[in-house]
Number of protein chains: 2
Amino acid sequence: MKYQELANILKENIDDGSYHETGKLPTEEQLVEQYGVSKYCVRNAISILVEFGLVYLVQGSGMYIRESKREGCMSLRNTRGVTAELKGHSVKTRVVHLEIISADERIASRMKCKTGTPVYYIIRARSVDGVPLSVEYTYYNQEIVPVIDEKIAEGSLFGYIKKDLGLNISFADKILRADKLTKEAAELLELEAGDPAVIVEDDAYLSNGQMFNASVVYYNYKTAKFFELAEIK
Amino acid sequence: MKYQELANILKENIDDGSYHETGKLPTEEQLVEQYGVSKYCVRNAISILVEFGLVYLVQGSGMYIRESKREGCMSLRNTRGVTAELKGHSVKTRVVHLEIISADERIASRMKCKTGTPVYYIIRARSVDGVPLSVEYTYYNQEIVPVIDEKIAEGSLFGYIKKDLGLNISFADKILRADKLTKEAAELLELEAGDPAVIVEDDAYLSNGQMFNASVVYYNYKTAKFFELAEIK
DNA sequence: TAGTGGTCTAGACCACAAA
DNA sequence: TTGTGGTCTAGACCACTAT
């Protein structure tokens, strides 16, 4: 994809400070000429930069560089796994619990599967640079993901499903709220029961529309921050 | 814009259940023919639906309808104001405090303006159907927004800035976390000090790149939920 | 009025999914 | 193999900004 490559080039240029003097990108026309691609590619590349919050556009005026303060924050939109998100830090995952259970009504409804379907129930605790970050309670439909062992669960489960199983993960619904920590989650986060937590409920789907994973993650309120870029129209 | 109109039509069709039987939209080619527009328009329209989480695309297969459980949830990405977001409910805004102050160093750094710049400092409390939803602490640069009175602050400030002042609001950076409520915020939310809260810090910019508004909003953990759609690539 | 981003068309060809 | 979404081009014209 030409436009993805162009986006990468422009991203590097921005990081290099190549456009620092003017604070804006070359015009569409100039980019078309410089890189020998069509306007379609240029606009597609730019829209990637916009999505990442690197650039904002003003019709009739130009494409301006925008620096955002996402440092140390996690993205809610680009699910690339915590490890990739917080690179440069030591992210460790500990598997607290791992078993296969038979879906009761509650779980079946949550997982959009039949009661009795075998599902993995996994509890994982994550830490960043030695500080607890999150506790995750997650279910995987075993009919879709046949094998998960402790070693696999210590790494990126999404990565495993994509690369090793060859399944196409497509999208996820997330619901985000705050609540008091349960005693159990508090212990794993080295906090007190009743302390606040950001809670993210996550339903993940394959490209065929099947839900394969449902999870609830409790985040350490002292360290976890999320960022979001909103376009206002 | 043809593609925006087409998106609206398709959105209605989806709500009507016109595509219920197959669970998917007509093919791109069919839409091109049916609506007499180019593929460009069709794809732009579809990408709006994708952004809203109404549809997901599978290359080589089709465009599938996707229902998400955003009911009662607020969006972090599409900042249209709480009132529009939660329509069907009675959203009330009470202005707790409103004054003009001179930016000290801390505020000037936060607002990216010079110390001494006059800024509005406003505290607002919102309720939905009589239940407290949020407490907002917000600053507006008075050099950009010259006049805010209590009546204006009771309504949509963004709407006022856009429609009445004719300024172009472009984008916002948000940081999201959880923390314990202060005593003051707890009182306004009818909760206890130390109770959890989702906290959203918001920096809003005009299309010329100027920041005009910074705010911190504390949400009632018993009622406030946010949703987010993540695409996984 | 000139510069620059946004919309739209027509058409070619590629990549992936499903039968 | 056929259907369907994804990429890419060339070119016309519109809408907004800045001067």
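Values in this document were obtained by computation on a predicted structure and should not be read as measured data. Per chain, numbering begins at 1; letters A, B, ... match sequence-line order. Atom set for the values below is all heavy atoms of this structure, side chains included, hydrogens, waters and symmetry mates excluded.
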Give me the one residue out of B:Asn141, B:Thr138, B:Asp203 that meets side-chain hydrogen bond (donor to acceptor under 3.5 Å, both in side chains) with B:Asn213. B:Thr138

A:Glu29 atom CD is separated from D:dC13 atom P, nearest whole Å, by 16 Å

Do the side-chain N or O atoms of B:Tyr40 get closer than 4.0 angstrom to the phosphate oxygens (OP1, OP2) of C:dA10? no

Closest approach of A:Ala153 and A:Arg124, non-hydrogen atoms and distance? O-NH1, 2.6 Å

Quick check on DNA chain D: between A:Gln4 and B:Ser61, whose nearest nucleotide comes earlier from the 5' end? B:Ser61

So, do B:Tyr120 and B:Phe212 have ring centers that fall under 6.0 Å from each other? no

Check for me whether the distance between the ring centres of B:Tyr56 and A:Tyr205 falls short of 6.0 Å. no

Is any side-chain nitrogen or oxygen of A:Arg43 closer than 4.0 Å to OP1 or OP2 of C:dG6? yes

Just how far is it from atom OG of B:Ser207 to atom CD of A:Gln59, taken to the nearest 0.5 Å? 10.5 Å

Side chain of B:Met63 (C-beta onward), nearest among C:dA17, D:dG5, C:dG6: D:dG5

Output the rounded distance in Å from CD (A:Glu33) to P (D:dT9). 14 Å

Ignoring backbone atoms, establish whether A:Lys2 has a side-chain N or O less than 4.0 Å from OP1 or OP2 of D:dT9. yes

Between C:dT7 and B:Tyr3, is there an OP1 or OP2 to side-chain N/O distance shorter than 4.0 Å? yes

So if I take every side-chain heavy atom of A:Met1 and compare against C:dG5, D:dT7, D:dG5, which nucleotide ends up nearest? D:dT7

Is there a donor and acceptor pair closer than 3.5 Å between the side chain of A:Lys39 and the base of C:dG5? no

Establish, for the pair A:Arg66 and B:Phe171, whether the NZ or CZ atom is under 6.0 angstrom from the six-membered ring centre and no further than 45 degrees off its axis. yes

Residue met sooner reading DNA chain C from 5', once A:Asn168 and B:Gly36 are mapped to nucleotides: B:Gly36

What nucleotide among C:dC8, C:dG5, D:dC8 has an atom nearest to a side-chain atom of A:Ser38? D:dC8

Between P on C:dC16 and CD on B:Glu28, what's the gap in Å once rounded to a whole number? 16 Å

CG of B:Leu31 versus C1' of D:dG6: gap in Å, rounded? 16 Å

Without decimals, in angstroms, what is the distance between B:Tyr64 OH and C:dA17 P? 11 Å

Report the distance from atom CG of B:Leu206 to atom C1' of D:dT17, rounded to the nearest whole Å. 15 Å

Would you indicate, yes or no, if D:dT17 has its OP1 or OP2 atom less than 4.0 angstrom from a side-chain nitrogen or oxygen of B:Asn208? no

Minimum-distance nucleotide to A:Val37 side chain [options: D:dT9, D:dG5, C:dG5]: D:dT9

Starting at atom CG of A:Asn44, determine the distance to atom P of D:dC8, rounded to an integer number of angstrom. 8 Å

In terms of the nearest nucleotide of DNA chain D, which residue is placed more toward the 5' end: A:Gln59 or B:Gln30? B:Gln30

Euclidean distance, atom CD1 of residue A:Ile46 to atom C1' of C:dT7 [Å, nearest integer]: 17 Å

